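For ligands, and for the atoms within them, numbers begin at 1 and follow the listed sequence. Since we're looking at a predicted model, the values are computed, not measured.
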Amino acid sequence: MLRSILLFGLITLQMFAMAMLPTELSDSGIIPKPVSVIPATGIFTLTEKSAIIVPDKSVELMQIGQYLVDKLNPATGFGMLVKSSTGAKSTGNIYLSLSPGDEQLGNEGYQLTINSDVVSLIANKPAGLFNGIQTIRQLFPARIEMASKQQGPWEIPAGTIRDYPEYSFRGVMLDVARHFFQVNDVKRYIDLMVAYKMNVMHLHLADDQGWRIEIKKWPKLTEIGGSTQVDGGKGGFYTQEQYTEIVKYAAERYIMIIPEIDMPGHTNAALASYSELNCNEKATELYTGIKVGFSTLCTGKEITYQFITDVFSEIAALTPGPFLHIGGDESHATKIEDYIPFVNRVQEIVSGLGKQVIGWDEIALSTLKPNTFVQFWAKADNALKGVKQGAKVIMSPAANAYLDMQYDATTKLGLHWAGYIEVDKGYNWDPATLVPGINKENILGIEAPLWSETITNIDELEYMVFPRLPGYAEIGWSASSTRNWDEYKTRLGRHDDRFKALQIDYYPSKLVPWSVPLER
Ligand code: TNX
């Protein structure tokens, strides 16, 4: 009896130790799940003599190396440096290099080889190295993410990982119109999404309750339209310099920013700022409630198109990415016979600026230009109309992918008009089979939007975004044939100590076997 108790104790202890310290690379719990992980024998150890080595002093490689150093130095306390060298590899270093020609890896893939001496990361493109670095972070113990010095050892089990994404577009959307989020909050969100290899941030910059980007030709948009938010708080807006700072911060992390100005509906903030945008020449009142579908630009007036041209010209000039998002959703106050020519004309304006249009699925009611993209959120029929016109689709089904939907009936924040989205429901769907007629080849990728009617600050944002975001990241990155909730939930459960190290206020769903016991 005593012997079996002892034995049982030993086995549990051993299991516990295994859970804490993966001894095999294949047991590392990486999210999103890599394409292939082949374990080998041996363990790599980072020490105070370690350095990050790049083959030449190209600014971009040095920056990527510096990014890794900045992630590893605080917790290790090592003060590692990025160095350039093409000499023989020496023990303890991490080598980053571009090695074009491996077609399978594409623009974002990487190959990571770990042996007991060195770690070598190669990719075709810098973005691939950046993604590989996110894997390296996850291979170290979770306390590597902490901001203060922690106890080592800093080990990674040996092996090889080859990895590349299923979809090239893996995004989130943040509504900064209903409640405004400061530049630092947006940067924090960017930092968290890149850890899971997402690569697009769509900013919903204007809605009924607020206009959040400075437009030099139309200054009252921010003076008046930016002056409040839901519940009457003081609102705010990004100056063009601040927006540029966000774009640059994102680009340094291989994130594309997609700016959205929603129109012709969701425009009360603009209509309150300029009387001439209204059909009756009267400025509306500012709006701080959460109803939708009551506002519209005056589609018959020429000044409306001048306004749109000015706004998009200024935003296009600040946005290196190819897309401008024109909204187009819930224009219930616009007659359909006005809506269709409006969307057609706005597409012309955007393409005249050298950009491509993205719009919510309703825009497929119009005649889509060949390079226009449709974002599916509500009506499959609309999205299918887009597909029939040859448009590619961004999948953001509200019932599966809306980060503002509550987890369950007890969630205090968020809405539930599209249902509750527990962590399993958020994970358990396949973009390529969700809507019959929208197939893999019709899909650009996926995006998880966070609407902010009820979300007022970064802590609340984190609570709605985590732990669902890693699931959306995996849906975008890992082939659906390799995904399975029961296996995923155990990997996700092991990310709680990372969430804690990163001080993320996550929702501790009961469906997930968290590795650190919760005070529940
Ligand atoms: C629908 S999603 C909207 C938004 C709301 C959201 C709340 C979409 C294109 N329109 O205006 O904020 O629901 O979940």
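- The distance from ligand 1 to the heavy atoms of Glu330 drops below 4.0 Å at these ligand atoms: 1 (C), 3 (C), 4 (C), 10 (N), 11 (O).
- The nearest protein atom to atom 5 (C) of ligand 1, hydrogens excluded, is given as Glu453 OE2, 3.3 Å; this is a heavy-atom distance.
- If you number the atoms of ligand 1 from 1 as listed, the ones under 4.0 Å from a heavy atom of Asp404 come out as 7 (C), 14 (O).
- Ring geometry for Tyr407 against Tyr463 counts as perpendicular: the plane angle is over 60°, on a 0 to 90° scale with 30° as the lower cut.
- A 6.0 Å sphere centred on CD of Glu276 holds more than 12 heavy atoms belonging to other residues, nucleotides or ligands.
- Distances below 4.0 Å separate heavy atoms of Leu415 from the following atoms of ligand 1: 7 (C), 14 (O).
- Under the 30°/60° scheme for interplanar angles, the aromatic rings of Trp451 and Tyr402 are found to be tilted.
- Within the 4.0 Å heavy-atom cutoff, Gln375 does not count among the residues contacting ligand 1.
- Here is the list of ligand 1 atoms found below 4.0 Å of a heavy atom in Met405: 14 (O).
- The number of heavy atoms from other shown groups lying within 6.0 Å of CD (Glu281) is above 12.
- Among all non-hydrogen protein atoms, the one lying nearest atom 8 (C) of ligand 1 is Asp329 OD2, 3.3 Å.
- The ring-ring contact (aromatic ring centres under 6.0 Å, His included) test with His495 singles out one residue from Tyr196, Tyr506, Tyr488, and that residue is Tyr196.
- The residue among Trp360, Trp417, Tyr402 with a heavy atom at the shortest distance from atom 2 (S) of ligand 1 is Tyr402.
- The N/O atoms of Trp451, backbone and side chain alike, include none that comes under 3.5 Å of an N/O atom in ligand 1.
- Aromatic ring pairs are classed by plane angle as parallel below 30°, tilted from 30° to 60° and perpendicular above 60°; the pair Trp360 and His325 is tilted.
- Counting heavy atoms from C-beta on, the side chains of Met198 and Leu469 come closer than 4.5 Å.
- Taking every non-hydrogen atom of Arg178 and a distance limit under 4.0 Å, the qualifying atoms of ligand 1 come out as 4 (C), 5 (C), 11 (O), 12 (O).
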